[in-house]
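Protein chains get the first letters and strands the later ones, always in sequence-line order, with residue 1 at the start of each.
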Protein chains: 2
Amino acid sequence: MKEKDQEKTTRERIFEAAVMLFAQKGYHGTSMRDLARAVGLKESSLYNHFPGKSSLLEAVLAYQLEGFQAASALMEEMEETGPVFNDPVELWIAGAGAFMEKLPPLTETIGLILHNEMFLDDQCGRFVLHELFRVRKELTEKLLRRMHAQGLIRYCDFTKTAAQYVHMLHGLEMENRLRRLEGAGVEELQARLMEQIVHFIDGLRNKEN
Amino acid sequence: MKEKDQEKTTRERIFEAAVMLFAQKGYHGTSMRDLARAVGLKESSLYNHFPGKSSLLEAVLAYQLEGFQAASALMEEMEETGPVFNDPVELWIAGAGAFMEKLPPLTETIGLILHNEMFLDDQCGRFVLHELFRVRKELTEKLLRRMHAQGLIRYCDFTKTAAQYVHMLHGLEMENRLRRLEGAGVEELQARLMEQIVHFIDGLRNKEN
DNA sequence: GTCTATAATCTGATAGAC
DNA sequence: GTCTATCAGATTATAGAC
């Protein structure tokens, strides 16, 4: 159903332009006039596709939620059929990479919008707290427990260690986004991300191996 | 010079109200009208104390910068005269607590403003990147090295471990701020913060002790 | 320093022709 | 669905009386 539909609908073009503008100038800093100019339409035409400005933000949130849930579902599916690792770092890197590849294209940009809006918009705040903290910590803890059961990592407080990992990832993501705005290269930032993840998992390695 | 000056100046009242409003509704979401109403003045009177809205944000940044630098200076001073610890966790908790106590009263609220604005305002972005990431990582790394030299913690990659700690702290702070907006108690969040810090430092402990 | 009055612009949103 | 025209209200900021 995506083969013959090469061109984007007007609604999609408006949505994508809104995502870019919200990420760049903030939700409050973006006017319907800005958006109309970016899409190449008149302001009034936007209202044929979205009932108002706030509905655009809701659509952005819905997109992100769907993306995360679809990626998570694919991960669970793959978990049973995927390869078996006997090294914790290799396992982790492969899993994290697979998950990120499954996320929709606008996910990273919308992540920036959520960061900007999480303390100003209730819905954004709840989304970040639930999807980006609670759910991720639970998944991480489950994975750590399984790795320990397989003898890949040593024993530790898995709940606190999972929290530590998720918090570190958020802090690192924050710094990398700031560095990107200051002109840092994407591959350099990706390398830093990997380095820190490896350092974390490596610290949990079972020394008896 | 602070004894006889009990009452706040109008400029200070405007500044503090701006801090509260910027943190609550965002910089773009706060109008000079909102601010005037909060202070109990007419809009035009605000311009007798600040030349414009943007200068208020600049004043907020200056306040935060001065607060951090003053607290850092006091810490360095205390470092030589302070008590000696033979437990890494005790040392760390005492140091972190002492630093936080030295920060000015509005620091935490301004931290929220910076979080909201760091990707929208260049100056805010540079402030966070430098003061809250680079400087903190350097200080943390220095402290880790000293603790290792004293035999309190085991050897590790101090640069990466310092980065891991600072990133974790930022992620945890983010989650705690969200939880506070959702109604969580301050003492509960403070306990969670301490728990995670202790878990981190405890993991670095020298096992031979 | 504070006020009233006002300027000039921008805001999200609607009505109605085509 | 897109356009022109328009609205009512909000926005930052200034001028000038007191």
Take atom NE2 of His49(A) and atom C1' of dA13(C), then tell me their distance rounded to the nearest Å. 16 Å
Tell me: CZ of Arg13(B) to P of dG1(C), nearest whole Å? 12 Å
Are Leu41(A) and Thr10(A) side-chain neighbours, meaning at least one heavy-atom pair lies under 4.5 Å? yes
What nitrogen or oxygen pairs link the protein and nucleotides 14-18 of chain D at under 3.5 Å?
none

His115(A) vs Phe119(B) aromatic rings, parallel, tilted or perpendicular, using cut-offs 30° and 60°? perpendicular
Between CZ of Phe50(B) and C1' of dA13(D) the distance, given in whole Å, is 16 Å
Between Arg33(A) (CZ) and dT4(D) (P), how many Å, whole number? 13 Å
Rounded to the nearest 0.5 Å, the NZ atom of Lys25(A) sits from the OG1 atom of Thr30(A) at a distance of 5.5 Å
Expected list for residues 16-31 of chain B near DNA chain C, using heavy atoms below 4.0 Å, is none
Would you call the rings of Tyr165(A) and Trp92(A) parallel, tilted or perpendicular, taking 30° and 60° as the class edges? perpendicular
Phosphate OP1/OP2 of dC3(C): any Ser45(B) side-chain N/O under 4.0 Å: yes
Distance check needed: dT12(D) P versus Leu41(B) CG, whole Å only. 16 Å
Is the Phe22(A) ring parallel, tilted or perpendicular to the Tyr27(A) ring (thresholds 30°, 60°)? perpendicular
Could you tell me if the side chain of Arg205(B) sits less than 4.5 Å from the side chain of Asp87(B), heavy atoms only? yes
Calculate the interatomic distance between Leu46(A) atom CG and dT4(D) atom P; express it in whole Å. 13 Å
Check for me whether the distance between the ring centres of Phe15(A) and His49(A) falls short of 6.0 Å. no
Expressed in angstrom and rounded to an integer, what is the separation of Lys42(A) atom NZ from dT6(D) atom P? 15 Å
Output all residues satisfying side chain to side chain contact (heavy atoms under 4.5 Å, CB included) with Gln190(A), sequence neighbours left out; order by chain, then residue number. Met100(A), Leu193(A), Met194(A)
Return no unless some side-chain N or O of Lys53(A) is found under 4.0 Å from OP1 or OP2 of dG12(C). yes
Between Phe127(A) and Phe68(A), how do the two ring planes meet: parallel, tilted or perpendicular, split at 30° and 60°? tilted
